[in-house]
Amino acid sequence: MTRAAAYFRVSSEAQSRDDRNSFDVQRGAFARACAERGYDPVADYTDVMSGRRADRPEYQRMLAAARSGAFDVILVTWLDRFGRDDREITLRFLELEAAGVRVEAVEEDVSEFIHLALGAWKAGQESQRLGDRVTFGNLAAARRGVALGRTPYGYVKRWDYTAEGRKTDIRFEVDEARAYWVRWAFHAYAVENRGLKHIARRLSLEAPPKPNGRPWNDAEARQMLTRRRYTGVWTWRVKATARREEQVVELPGAIPAIVTPDLFEQVQQRLAVKATMFGGKTQTSRWLLSGLARCAHCGGPMNGNQVRDPRTKEPRYAYNCVNHRKALAQCAYLNWIPAAAVEAAVVRFIEEELADVERLADAIEERTNDDRRALLANRAALEEVDRKFERNMRLFDSGAIASEEQLASANRLLAEEQRRLNTDRQRLLAAVDAAARRQREVASLPDRLPRLLDPATPTPERKAIIQSVIDRIDLRRGEPPLIRLRVLS
């Protein structure tokens, strides 16, 4: 015989005396329904509380009993007695359906609502599963070496065909007319110290057009310079969702390379260096220490200037404080420092420091070890937070946590802790990545040093080498420059 439980609810004591909602009316309807449908009444639950609240005591006690199999059907007079939160009703119907318990209303037919609610939920779940199947199908194809996505500038898309003429896999071939300009852009930025505006303008005027025909801009030039696929490594990324973590698949050799990995890394180093420097004419200035020289008194930038000696009329080249030359004279020190002397001192300092590259590499490694240890501790802490989330869900499923509100309250502090740990993790990962980049910079410096020491080397190239090594130079008249290495900063 079908075991039936009744759930009676009113929002206030006044409603309990209402002709339509009184408990007597609800109890009478329950008794008649059990008699007509052949149900065995085994329990009843009564709440005086708003139906929008899920933490109703008797409501939660009824759900716990349903989970334990105490009855087969729950009878309510009207559906609004069960609750007034559509999301809560749908979730509970799904949960009760899984436990083998039905919900029936005596005075109205709720089967259509239940059917629509469950159908909408199942359709949403199927849509999510379909999206997952497509995503992971593409991921599996990427692992097989099939390049997916838009055709990068510098390549042309080709299709492979079966004997029957059906398309199979996509592959990319180098488009030499455009690949020439990709190589030029990388070389111009890394070696010639050209800016993004210059590269974008030159590409727009002289290079074969993009597929959309529009001119290049700074952002597109930067995007080109950061795409590892130009080294032949195709990256396929699956974004993180509430149901899965982010996944990244890197496929070396998936497409033909246009630039060498060394040139690509050199460009990334230049991008990182320029991101920390002054804007304006820092990169295009002919002064070797532009953007690096700072006033030791006020910390302001030092600009290069050319004047004529009042006695000999010969040109003199020197660095002076910008703040001193301003109308308000924010700095009292002009610091008219001869350019040749300070530039020679900086080059000599770099030469001496690079005489022992292993020492620099060891210093970077030692400073990075603390970040690596902190990263391991961070990972362990995140795993512990995940275990606590799972424990709370088990307690909720068992009824030890009575409501979703209590579950949310229990998880709120965990969520805040998880956000903090994730923020720390991103910071530590960035620090470790930066250290790895500095290690590569140090390893490449001995090969670039002869170009710096050769006075015939173009100034933009010498400047790029100095900026990759030096973070800041504090200048004070009559004193040697105070130089801070970028690779150890």
Side-chain angles (χ1 to χ4, degrees), residues 142 145-160 169-237 250-275 277-286 290-291 437 440 444 448 451 457-465 467-468:
V146 179
L148 302 171
R150 295 180 178 178
T151 306
Y153 186 85
Y155 293 93
V156 61
K157 182 182 292 186
R158 302 293 188 212
W159 291 88
D160 292 330
D169 291 339
I170 304 170
R171 55 188 171 83
F172 295 125
E173 295 180 357
V174 175
D175 178 0
E176 285 298 339
R178 290 175 171 81
Y180 168 84
W181 287 99
V182 174
R183 297 187 190 98
W184 170 83
F186 275 84
H187 185 272
Y189 193 86
V191 179
E192 299 176 11
N193 206 21
R194 297 292 187 178
L196 296 175
K197 290 184 183 297
H198 174 87
I199 292 174
R201 183 169 59 252
R202 184 91 180 270
L203 289 173
S204 299
L205 293 175
E206 302 183 37
K210 298 180 295 180
N212 60 20
R214 291 195 292 267
W216 289 79
N217 56 43
D218 299 4
E220 291 170 333
R222 174 183 288 275
Q223 186 181 48
M224 172 194 283
L225 296 175
T226 58
R227 283 188 165 176
R228 190 173 294 276
R229 63 190 60 175
Y230 287 117
T231 66
V233 179
W234 190 271
T235 301
W236 182 259
R237 187 182 303 274
E250 289 192 346
L251 304 168
I255 59 175
I258 292 180
V259 301
T260 65
D262 289 343
L263 180 57
F264 179 83
E265 288 299 332
Q266 194 173 342
V267 167
Q268 307 319 300
Q269 293 167 14
R270 293 296 300 142
L271 286 167
V273 167
K274 289 188 177 184
M277 301 186 66
F278 297 111
K281 297 182 179 180
T282 295
Q283 307 306 328
T284 58
S285 168
R286 65 184 180 86
S290 59
R437 186 173 61 251
R440 292 192 294 269
S444 68
R448 304 170 66 193
R451 297 289 294 170
T457 302
T459 298
E461 185 176 346
R462 298 184 75 202
K463 183 184 297 188
I465 297 171
Q467 289 174 352
S468 67

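The residues of the chain are indexed from 1 along the displayed sequence.
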- Decide yes or no for Val259 and Thr231: does some side-chain heavy atom of the first lie under 4.5 Å from some side-chain heavy atom of the second? yes

- Item | Flag for Asn193-Arg270: side-chain donor and acceptor within less than 3.5 Å | yes

- Would a 4.5 Å heavy-atom cut-off, applied to side chains only, mark Lys210 and Leu203 as touching? no

- Item | Non-hydrogen side-chain atoms of Phe186 and Thr260 separated by less than 4.5 Å | no

- Query: In terms of the angle between their ring planes, are Trp216 and Tyr153 parallel, tilted or perpendicular, with boundaries placed at 30° and 60°?
  - Reply: perpendicular

- Using modelled atom types only, decide if a donor and an acceptor are shared between the side chain of Arg178 and the backbone of Pro209 within a distance under 3.5 Å. yes

- Query: Considering residues, nucleotides and ligands other than Lys197, do more than 12 of their heavy atoms fall under 6.0 Å from its NZ?
  - Reply: no

- Among Arg448, Arg451, Glu192, the one residue meeting side-chain contact (heavy atoms from CB on, under 4.5 Å) with Glu461: Arg451

- Just by distance, do the side chain of Thr151 and the backbone of Val156 share a donor-acceptor pair under 3.5 Å? no

- Kindly say whether Asn217 contributes a backbone atom to a donor-acceptor pair with the side chain of Glu220 at under 3.5 angstrom? yes

- Message: Quick test of your reading of the model: are Arg201 and Glu206 salt-bridged, counting only N-O distances below 4.0 Å?
- Response: no

- Item | The single option from Val182, Asp175, Ile255 passing side-chain contact (heavy atoms from CB on, under 4.5 Å) against Tyr155 | Ile255

- Query: Are side-chain heavy atoms of Trp234 and Pro152 found at a separation under 4.5 Å?
  - Reply: yes

- Item | Pairwise side-chain contact, Ile199 with Trp184, heavy-atom cut-off 4.5 Å (strictly under) | yes

